[in-house]
Amino acid sequence: QVQLVESGGGVVQAGGSLRLSCVATGRTFSGFNLGWFRQAPGKEREFVAAINWSNGLTGYNDLAKGRFTISLDNAKNTVLLQMTSLKPEDTAVYYCVAGPEIDNQVKFDYWGQGTQVTVSS
């Protein structure tokens, strides 16, 4: 059974940095994409970034480009999201996600419980 456990959230001032971690267990993730979504109060969940476990290819939402970096530590089954230049509008619950890539489409079937990120102005 796939489990995704996030850590690293917290409170940070605007302009600061945080690194989120997600330990993925329960299967081999070859052929999977792992990534992050977020949901702010009163808003829909939105895609942040994802990375292919096998080839390391990454994808980012425009909101993350230039500020966030997603990476893998395959030895530790961990996906990381380094966030810099944080803004109050980045305040949200951040969810780790995983899913298979089939025909260049990814269905994120698995979700973690989420970790709160709060950016104060």
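In this structure, the side chain of Asn77 engages the main chain of Ala24 through a donor-acceptor pair within 3.5 Å. In this structure a side-chain-to-backbone donor-acceptor pair under 3.5 Å is missing from Ser85 to Gly15. A donor-acceptor contact shorter than 3.5 Å is absent between the side chain of Asp103 and the backbone of Gln105.
Residues Tyr110 and Tyr95 fall into different hydrophobic clusters, defined by Ile, Leu, Val, Met, Phe, Trp and Tyr side chains chained together at heavy-atom separations under 4.5 Å. At a threshold of 4.5 Å between side-chain heavy atoms, the hydrophobic network of Ile, Leu, Val, Met, Phe, Trp and Tyr places Leu80 and Met83 in two separate groups. Note: the hydrophobic cluster containing Ile51 also contains Leu81 (ILVMFWY, side chain heavy atoms under 4.5 Å, direct or indirect links). A continuous path of Ile, Leu, Val, Met, Phe, Trp and Tyr side chains, each step under 4.5 Å between heavy atoms, connects Leu4 with Leu72, placing both in one hydrophobic cluster. Note: the hydrophobic cluster containing Phe32 does not contain Phe37 (ILVMFWY, side chain heavy atoms under 4.5 Å, direct or indirect links).
By the 4.5 Å heavy-atom criterion applied to side chains, Cys96 and Trp111 are not counted as neighbours. Contact annotation: the side chain of Leu86 never approaches that of Gln13 to less than 4.5 Å [non-hydrogen atoms, C-beta and beyond]. Under the 4.5 Å side-chain criterion, counting only non-hydrogen atoms from C-beta, Phe47 is not in contact with Val97. Taking the side chain as every heavy atom from C-beta outward, Thr115 and Ser7 never approach each other to under 4.5 Å. Within the 4.5 Å cutoff, side-chain heavy atoms of Phe108 are placed close to those of Asn33. Here the side chains of Arg38 and Val117 are not in contact, with every heavy-atom distance at 4.5 Å or above.
Sorted pairs that involve residues 56-88 and meet ring pair (Phe, Tyr, Trp, His ring centres under 6.0 Å), not counting sequence neighbours, are lacking altogether.
A donor and an acceptor atom, one from each side chain of Glu46 and Asn61, are nowhere located under 3.5 Å apart.
If you take SG on Cys22 and CG on Asp73, they are separated by 12.5 Å, rounding to the nearest 0.5 Å. Taking CZ of Arg27 as the reference point, atom CD of Gln3 lies at 14.5 Å (rounded to 0.5 Å). In this structure, CD in Gln82 is found 12.0 Å from CD1 in Ile70, a value given to the nearest 0.5 Å.
Within a 6.0 Å sphere centred on CD of Glu89, heavy atoms belonging to other residues, nucleotides or ligands number more than 12. Environment of CZ in Arg19: sparse, with no more than 12 heavy atoms of neighbouring residues, nucleotides or ligands closer than 6.0 Å.
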_Could you go through Leu20 and Glu6, starting from their C-alpha distance and side-chain angles, then the distance that decides it, and tell me whether this counts as side-chain contact (heavy atoms from CB on, under 4.5 Å)?_
CA-CA 7 Å; Leu20 304 183; Glu6 305 101 331; over 6 Å; no
_Derivation and outcome, salt bridge (Lys or Arg N to Asp or Glu O under 4.0 Å), residues Asp62 and Lys65_ = CA-CA 5 Å; Asp62 284 347; Lys65 289 179 180 176; 3.2 Å; yes
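In plain terms, the two heavy atoms of Arg67 and Thr84 that are nearest each other are O-OG1, 2.7 Å. In terms of heavy atoms, Val119 sits closest to Lys87 at CB-O, 3.2 Å.
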